[in-house]
Amino acid sequence: MSSHAATHGGHQESGNGHGGGFTPVERRFPWLHVVGYVLSLLLTVLAFLAVLHHWLSGNPLVTVIMVLAVLQIVVQLFFFMHFTEGHGPKYHILALGFALFFTVAFVGGSIWIMSFGDTQAY
Amino acid sequence: MNGNAQFLVLNPAGPVARIELHLIVVSIILVLIIVIPVMLLLAYITRRYRDHPDNTAPYMPEWSESKLLEIIWWGIPVAIVGILGVYTVYDTFALVRPPMKSASPLTVQVTSLNWKWLFQYPDQGIATVNEVDIPANRPVQFVITANSPMNGFWVPQLGGQEYAMPGMAMRLWLEADKPGIFYGHGGNFTGRGYAKMAFHVVSRPQRDFDRWVKLVKQSSPALTQSGYQQLVNAQSNTPTLLFSSYPAGSFERTIRHQGGMYMQRDLSIINADR
Amino acid sequence: MLPHYWPTLVTGDPLIYGADASIGLVSIAIVFVLTYYKKWGWLWREWLTTVDHKKIGILYLIAALLMLFRGGVDALLMRTQLSRPNLHFLAADHYDQIFTTHGTIMILFVAMPLIFAMFNIVVPLQIGARDVAYPYLNAISFWMFFFGALLLNISFVIGGSPDAGWVSYAPLTENQFDHGPGENFYIMALQITGIGSMATGINFIITILRMRAPGMTLMRMPLFTWSALAASIVVIYAFPALTVALGLLLIDRVAGAHFFSMDHGGNPMMYANLFWIWGHPEVYIVILPAFGVLNEVFPAFSGKRIFGYSTMVASFMAITILSFLLWAHHFFTMGAGPGVNAFFALASMAIGIPTGVKVFNWMFTMYRGRVRMPMPMRWAVGFIPNFVVGGATGVMLATAPGDYQYHNSYFLIAHFHQVLIGGTIYGMFAGMYFWWPKMFGFLLEERIGRLAFWLWNVGFYVTFFPQYLLGLMGMTRRIYTYPAGMGWSSLNLLSTVGAVIMGLGFLFIVWNILYSVMHRSELRDVTGDPWNARSLEWSLPSPAPHYNFAVIPTITRRDEWWEIKKYGRTEDYRPQPGEIQDIHMPNNSGRPFLFSVAFFVVGLGFVFEWYAVVILGFAGVLAIMLHRSQEVDDGHQIPADEIRHEEIALGRL
Amino acid sequence: MAVTKEDAWGVQARSQTTGSTHDENELRVAGFWVFLATDMILFACLFATYIVLRGNTDGGPGPRQLFDVTGFTEETFILLTSSFTCGLATHVMHEGRRRALVLWLSVTALLGLLFVGLEVSEFVRDVSVSATISRSGFLSGFFTLVGTHGCHVSLGILWMGSILFQVMRQGITPAIARKLTIVGLYWHFLDVVWVFLFTVVYLMGVM
Ligand code: HEA
Ligand code: HEA
Ligand code: CUA
Ligand SMILES: [Cu+2]
């Protein structure tokens, strides 16, 4: 799997929204999508196995399946959503980056606040 | 609550309120270090650089950068926030501990009801409404909850407030270091009767407090289970009431029922009091 | 079938009858005037279906001023009730409804539309664009706001207003304690407006990032546009939290779920948490554009560059990000633990640092300049002491243990009025006076304006300084009355007097506008640049033609227009006849209006829990969306000839 | 007024373009990314609420009693596959293959329908053992979080249907290419959300 452009001809144009000026590109086998699909299946199976076969437990398990979930985002973003491609300034990367940061802040912050100092011995 | 004590927050009657007042004073001084120069500078600049023909002040329309100046006004606020931050963090952690380590604390359980305050004394077995009596010079551990919408428990002269929340047992340490009657009020809006949810804290020397407890036990009626339910359901304000006893476990049951069972911390606070 | 709270629809309260009657009369009068002068078609064609950002901006402004009046009347009613101890002017229920609608209206239906008005009027002109990125969506935003506001405002006459504060904390707002339609009105009104606000946020982010004239790099962008970008960023990341908070509360109320209820495993504190994840950023949403206005006004009236442009940009971005990390300072007293309180206290204080940088930069913009004091500058200079004191008391509130003593007291009330009025409202008034000629082609008269300013300014301090003291005396907020003998009476009376002075100030602003409209020929702005200002919008005639720029300029530096003037190149800067080409513009559409009406129907359905009406409304929404999706709308071309004629008529060719 | 080409003011060099240089389609896709960012925050808040309420079962059924491993495994693989076929649809769209596009788009929508169907039947099963939304805080959080995702998917299906209709009528025009790109982004995004749903709600529920 080299660059997306190599596998997909001109079609990276669209990923980032250059849907306009439409001209069909020549046919290629959708390698990138197939690889993405296989990877996503793999990650999912791993997560399932880790939980159902009790490879780990407690916090380590949570950490592992969260990491697997994050990898899934990466797969979707790069193999299906063509996240980094296209012309022009890549403001959408910034937008999603912020969203990710605030997601962590809001979820983490809420959990921290709502635990009411549960772990705080005083 | 005589004339000179009207600025309740500025007239603390206990160590907690005093710590808070100290921080308030520190913060006022620190922000004034900024505010006053800003005001003076503003007055000066708008006067000096007014646009009239015979103004001789320099006019430099292109001058718009100065590293030095900018360092100054990033730097000074950083310093002030730094200093204030240290005080704040220190006091934040200090106030979760009892104000005075030596004396053994008194525990009072506080419940916000619509629209009155119920106080239960687990060690004395008595209960009061809209008045809470405490011994002076002894730390009091208020354990606060609500059997009503979220409220706040606030006695300005003794110390700042803590929310009274359904399903939560919140601990608030207060202490009065002199006898007196202190004004308290609900701190968070709970509906129609909220405006009249005032109560009084009566602080007396320990001996008088003990005598008062004895008196209540002898001469006041008991708060029965149905009486308790009536208080909860009444949806009205009530005058001050005193009870020689209250239904055992009503405080814990209320908290548990409303979600306390999910909070490790609540369970430990409730259990520690038993 | 009548709803179970049918009796509340026909309360015997004279206040409600009065409101009923006056709303009825005003509506009849409007219908009559429109019919008599045959203006219905005009109203529909020119305003209800417009997608022109300039007109939408004006609509926002008018709506905001009307809502300021409504919120102000609420304030005066509250202040009257509080002027003496133990008054019976308003009953507890009424007082509760009034402070709730006052707060809700002032924040969501005054402050928000004011900033959106400024965005719409100014941003496309400042960056050299023909319109916003999505003009159609822009119209939807306005009408969603409008019908949201309408929904909240009719609550007073049908069914009762919400009465649990503008924060609407659970579990007070659960069915258990509050089962009337009032809270539903609140929830649906805010949800509907919220959708509009989110769309505006997206619209302006893309407009600013993608529609700038060639050569206008980010670091050449006028600072008001930067503030609009910053505020829009805060909008899009904050509003979803409100959507969720209100959505879950609605599910609790209508479907009997247990998110925030007292029993069955609900967690009321989570509502407060979600609300403030939105609520704190919200207050920065409404202050950032005010900072932006000042960033335009100070340089313009000091005849000088803005001091420290790049630090201004840096501080905008710092405030944008920090504003998301302080929400818990609204509930220090919830006892989430000293770690939580310490973190959020430090973060809250830290936001004073980038804010302070702005204040100093403004002052050093005036320093070594030539300060003129027409109305916009007056409001801007009035802003500084007011906001600095308000910000300083904000920093005091941020010291968590200090806040244990201030929380929900009048000290807090004084803090936030100082930043909301002294900050947002002053800033927006500055903007209104500043850009008024660009909107309408004439200036607002000075003399009356100055009077209005002084009435506001004096009234402001008289109203709110006593409230700091009342807070320290232990007076809590949201109480409809208080006993004598607390020492609160005289300060409250003083505060009421101040409120009346502010009310007068508002009337003078209205008079100022009416007077200027009547004398518009004397006040006409023929130059297009009445203030000798700096950014691109002043290179256009006042008011700007509907296509904005006949030829999109290429930008070569900051303060482009100022530099052009400095080097005497204004003649070259006009469009040359040969350059003018056809201009592509979006079509008007009635759909945004109808779409929002459909949402209004959904809202009403939820308010009274009439699910048939909800389904009907959603069907309307869906039908309009499908209709839109099948449409091939490429807008229309304005022929070059027509533009040439128009530019000649404007004296620019 | 002679102005040279090198004029610093760019008066001569100024752009001849009109407002529509910014390709309309490109702008819409950019805006949609920003919309996705807001939707992400929406789900973040729902997740936060679910996590906070997760243990509050009020004596009613908890995740272990309720969640059916085969059920959510099926849902997961169906949705992952639909994300893949949606990608294929965009792929063949770029190649201008209308029939293949109609095929893959239909397959995607059908997989989506299957997913929603499974989810609905899961909900029906829960409700039949009186695990309703008003049973406990945990169940309120569960139904709302999973249901909101389900509503998003349903909307996506409707949306794809509308586009399918347009493809069949108009063929692959630039506007339709743009709409497809956007609905594709939406669909992949929902897949991402689901990955977190099955991780945080289901897997952590049964672990
Ligand atoms: C426009 C609206 C606005 C703005 C800009 C602010 C700005 C700030 N606010 Fe305010 N606030 C509100 C609107 C606003 N607030 C509202 C509506 C509420 C109450 C809601 C309710 O409960 O109903 C509230 C409540 C509120 C609370 C909760 C109190 C409580 O409920 O008990 C706190 C606590 O930390 C707080 C802090 C701050 C701080 C630190 C700032 C800072 O951003 C201020 C920064 C500015 C300055 C500091 C001045 C300029 C700086 C300098 C000149 C240089 C440096 C100065 C120093 C280092 C001191 N605010
Ligand atoms: C931008 C926001 C904004 C603005 C501009 C204002 C403006 C004013 N506010 Fe408001 N206020 C809030 C936001 C705002 N407020 C919020 C968020 C709350 C919290 C609500 C809550 O607790 O939930 C609040 C709460 C609040 C309280 C506390 C109530 C309580 O807790 O019990 C008070 C009390 O004095 C008050 C007073 C005022 C006054 C006197 C004005 C003045 O500036 C108003 C000036 C007056 C006018 C503009 C009116 C002009 C009209 C006329 C002159 C017509 C007269 C005609 C007739 C009477 C028929 N406000
Ligand atoms: Cu790359 Cu599809
Ligand atoms: Cu805040």
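Protein chains get the first letters and strands the later ones, always in sequence-line order, with residue 1 at the start of each.
- In this structure, the ring of F275(C) has its center less than 6.0 angstrom from the ring center of W166(C).
- The candidate from K196(B), R192(B), M197(B) with the greatest count of non-hydrogen atom pairs under 4.5 Å with chain C is R192(B).
- With a 4.5 Å cut-off on non-hydrogen atoms, Y271(C) does not touch chain B at all.
- Of the atoms belonging to N147(B), heavy atoms from both backbone and side chain fall under 4.5 Å from chain C.
- Among A164(C), S409(C), G369(C), A345(C), the residue with the largest count of heavy-atom pairs under 4.5 Å with chain B is G369(C).
- Within the 4.5 angstrom heavy-atom criterion, only side-chain atoms of M39(B), from C-beta onward, approach chain C.
- Within the 4.5 angstrom heavy-atom criterion, only side-chain atoms of V31(B), from C-beta onward, approach chain C.
- With hydrogens and angles disregarded, no donor-acceptor distance shorter than 3.5 Å links the side chain of W73(B) to the backbone of G356(C).
- Between K566(C) and E563(C), at least one side-chain nitrogen of the basic residue sits less than 4.0 Å from a carboxylate oxygen of the acidic one, meeting the salt-bridge criterion.
- One N or O on the side chain of R372(C) and one on the backbone of A300(C) form a donor-acceptor pair closer than 3.5 Å.
- Ranked by heavy-atom pairs shorter than 4.5 Å toward chain C, the options V38(B), L21(B), L30(B) are led by V38(B).
- Among G186(B), G152(B), G193(B), G159(B), the residue making the largest number of heavy-atom pairs under 4.5 Å with chain C is G159(B).
- Ring pair F332(C)/Y404(C): centre-to-centre distance not below 6.0 Å.
- If you measure heavy-atom distances from L472(C) to chain B, the contacts under 4.5 Å come from both the backbone and the side chain.
- L470(C) does not touch chain B: none of its heavy atoms, backbone or side chain, sits under 4.5 Å away.
- Judged by distance alone, with hydrogens and angles left aside, the side-chain atoms of Q157(B) form a donor-acceptor pair with the main-chain N or O of N11(B) at under 3.5 Å.
- Within the 3.5 Å criterion, the main-chain N or O of W115(B) finds a donor-acceptor partner in the side chain of N237(B).
- Proximity to chain B (any heavy atom under 4.5 Å) is shown, for V167(C), by neither the backbone nor the side chain.
- The residues E175(B) and R18(B) are annotated as not salt-bridged, no charged nitrogen and carboxylate oxygen being separated by less than 4.0 angstrom.
- Not less than 6.0 angstrom separates the ring centroid of F182(B) from the ring centroid of F199(B).
- The six-membered or imidazole ring of W488(C) lies away from that of Y410(C), with a centre-to-centre distance of 6.0 Å or more.
- Sparse packing is recorded around CZ of R47(B), with 12 or fewer heavy atoms of other residues, nucleotides or ligands lying under 6.0 Å away.
- Taking the centre of each ring, H94(C) and F99(C) stay at or above the 6.0 Å mark.
- Highest contact tally toward chain C, considering only V35(B), V16(B), I34(B), I72(B), is held by V35(B) [criterion: heavy-atom pairs under 4.5 Å].
- Among the candidates G402(C), G303(C), A398(C), the residue making the largest number of heavy-atom pairs closer than 4.5 Å to chain B is G303(C).
- Residue A17(B) touches chain C through both its backbone and its side chain, counting heavy-atom pairs closer than 4.5 Å.
- Heavy-atom distances place no part of T173(C) under 4.5 Å from chain B, backbone and side chain included.
- Heavy-atom distances place the side chain of M165(B), and not its backbone, under 4.5 Å from chain C.
- Top candidate by heavy-atom pairs under 4.5 Å with chain C, chosen from Y163(B), W154(B), Y194(B), is Y163(B).
- Between the side chains of T365(C) and K304(C), no donor N or O sits under 3.5 Å from an acceptor N or O.
- Heavy-atom distances place the side chain of L95(B), and not its backbone, under 4.5 Å from chain C.
- With a 4.5 Å cut-off on non-hydrogen atoms, S148(B) touches chain C through its backbone but not through its side chain.
- Among F177(C), Y480(C), W562(C), the residue with the largest count of heavy-atom pairs under 4.5 Å with chain B is F177(C).
- For the residue pair N408(C) / N188(B), a side-chain donor-acceptor distance below 3.5 Å is found, with atom types taken as modelled.
- By number of non-hydrogen pairs under 4.5 angstrom with chain B, the leading residue of L346(C), D263(C), T311(C) is T311(C).
- Here F364(C) is the residue among F364(C), F411(C), Y169(C) with the most heavy-atom pairs under 4.5 Å with chain B.
- E65(B) touches chain C through backbone and side chain together, each having a heavy atom under 4.5 Å away.
- Identified under the ring-ring contact (aromatic ring centres under 6.0 Å, His included) test for residues 39-71 of chain B, with sequence neighbours left out: Y49(B)-Y367(C), W63(B)-F307(C), W63(B)-Y367(C).
- For chain C, the option among V89(B), L84(B), L10(B) with the highest count of heavy-atom pairs below 4.5 Å is L84(B).
- Of the atoms belonging to L32(B), not a single heavy atom falls under 4.5 Å from chain C.
- In this structure, no portion of W362(C) lies under 4.5 Å from any heavy atom of chain B.
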Please tabulate, for the side chains in residues 383-396 of chain C, all donor-acceptor contacts under 3.5 angstrom to protein atoms that are two or more places apart in sequence or on a different chain.
residue : atom : partner : partner atom : Å
N386(C) : OD1  : Q418(C) : NE2          : 3.1
T393(C) : OG1  : V389(C) : O            : 3.3
T393(C) : OG1  : G390(C) : O            : 2.8
T393(C) : OG1  : H415(C) : ND1          : 3.4
T393(C) : OG1  : Y468(C) : OH           : 3.1

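- For L23(B), the part lying near chain C is the side chain, with the backbone staying farther off; criterion is any non-hydrogen pair under 4.5 Å.
- Between chain B and the residues T481(C), V371(C), I479(C), the most heavy-atom pairs under 4.5 angstrom are made by V371(C).
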